[in-house]
2 protein chains.
Amino acid sequence: MNIGEVAERSGIPPKTIRYYEDIGLVRPQRSGNGYRTFRETDLHKLAFLGRARALGFSIEGCRNLLSLYEDETRESAQVKAIAEEHLSAIDDKIAQLQAMRETLSHLVEACHGDHRPDCPILKDLSGALAGCKPTTGRSAD
Amino acid sequence: MNIGEVAERSGIPPKTIRYYEDIGLVRPQRSGNGYRTFRETDLHKLAFLGRARALGFSIEGCRNLLSLYEDETRESAQVKAIAEEHLSAIDDKIAQLQAMRETLSHLVEACHGDHRPDCPILKDLSGALAGCKPTTGRSAD
DNA sequence: CCTTGAGCTTCCAGTGACTGGAAGCCCTAT
DNA sequence: ATAGGGCTTCCAGTCACTGGAAGCTCAAGG
């Protein structure tokens, strides 16, 4: 197969496939005219990479998963460890995004969104403490 | 103030502050020796940027927010629009991550994580359909 | 046989938002 | 005079591609 066909069948664009070759994730052969020639196993590998990437694994994670996949002496614990590490990274990201979401959605709700300049979003960004009534001077530090 | 002091007071590292100057987010003055000189307003701006970045706004988003902040003729609707767009981007990311999390956590649960090579995580990545019992011989190809 | 167009090749540059490091100037203290 | 720390600039690297230019190859049509 040429690169166009693997691209279509694996769902990975030609550019990316070339990049994957560059960084040693796949090693297609070459035919006489210099074109890359992919076998079914290459296609399989690329599809594997596509799915791993879709699950958010980094390229290095994919590389490790792929080498475990091809290693018949692997222990599933190794795979699980990689996956668990990634899972916890995902959880961290979700938590971080949810914290942002929390703050931001409150601010958005509080903003009138009209033609006047007053804006609690900008007020917050400029350093005002949210929900802080200007009572008797001494506010939080 | 020199860069070190603003860095400490704004919580933004010197490198990043220089970068922000490069891309035109702040314009500190220069003293005779070539050192950057920051005023309180610069510090304020940097703190603003720090908070906006912490909420996940892109640099361009920050630039827009900052220019609205400094624009007395702004309409809060403009600010709200930026924030809402960002909020929806955050929601998209959260959804995407949660979808990954969902799949991945099922796979991790299903993996024994022992010293044997059998691994549902790799099986899934290699293209097997999840929950597909290999009943009477005819398995997936 | 020639042309045309698609498909392939390589290489270089850019993305976002920094971050690290090198080389060198400035300032203060000893 | 020297040592150090802080400041300056510029260049390169990160991550995972993506776009584009210049040029070769191949199959089909005239």
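Naming: A, B, ... by sequence-line order, numbering from 1 per chain.
Spacing between atom CG of B:L49 and atom P of C:dG16 amounts to 17 Å, rounded to whole angstrom units. We find that CD of A:E8 is positioned 16 Å from P of C:dA6, with the value rounded to whole Å. For the pair A:K15 NZ and C:dA13 P, the computed distance is 13 Å after rounding to whole Å.
Between A:F57 and the options A:R63, A:H86, A:R51, a side chain to side chain contact (heavy atoms under 4.5 Å, CB included) holds for only A:H86.
To the nearest 0.5 Å, atom CG of residue B:L87 and atom CE of residue A:M100 are 11.5 Å apart.
Summary of the strand contacts: B:F57 and A:P14 both lie near DNA chain C, and taking for each the nucleotide with the nearest heavy atom, the more 5' one is attributed to A:P14.
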| said: Please determine whether salt bridge (Lys or Arg N to Asp or Glu O under 4.0 Å) holds for the pair B:E21 and B:R30, giving the CA-CA distance in whole Å, both sets of side-chain angles, and the decisive distance to 0.1 Å. | reply: CA-CA 12 Å; B:E21 183 187 11; B:R30 298 287 177 139; 3.4 Å; yes

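At most 12 heavy atoms of other shown residues, nucleotides or ligands fall within 6.0 angstrom of atom CD in A:E85. Under a cut-off of 6.0 angstrom, the local environment of CD in A:E8 is sparse, with at most 12 non-hydrogen atoms contributed by other residues, nucleotides or ligands.
In this structure, the side chain of B:N33 engages the main chain of B:Y35 through a donor-acceptor pair within 3.5 Å.
Look at A:D91 and B:R101 and you find a salt bridge, because one of the NZ, NE, NH1 or NH2 atoms lies within 4.0 Å of a carboxylate O, short of that distance. By the 4.0 Å N-to-carboxylate-O rule, B:K45 lies too far from B:D42 to be salt-bridged with it. A salt bridge links A:R9 and A:E40; the closest N-O separation between the charged side-chain nitrogens and carboxylate oxygens is under 4.0 Å.
Donor-acceptor pairing under 3.5 Å is lacking for the side chains of B:D118 and A:S76.
Note on the helix from C:dC1-D:dG30 to C:dT30-D:dA1: angle between the axes of the first and last five pairs equals 40°, rounded to 10 degrees.
Residues from residues 18-39 of chain A that place a heavy atom under 4.0 Å from any atom of DNA chain C, listed by number: A:R18, A:R30, A:G34, A:Y35, A:R36.
For DNA chain D, the span of nucleotides reached by chain B at under 4.0 Å from its heavy atoms goes, 5' to 3', from D:dG6 to D:dC10.
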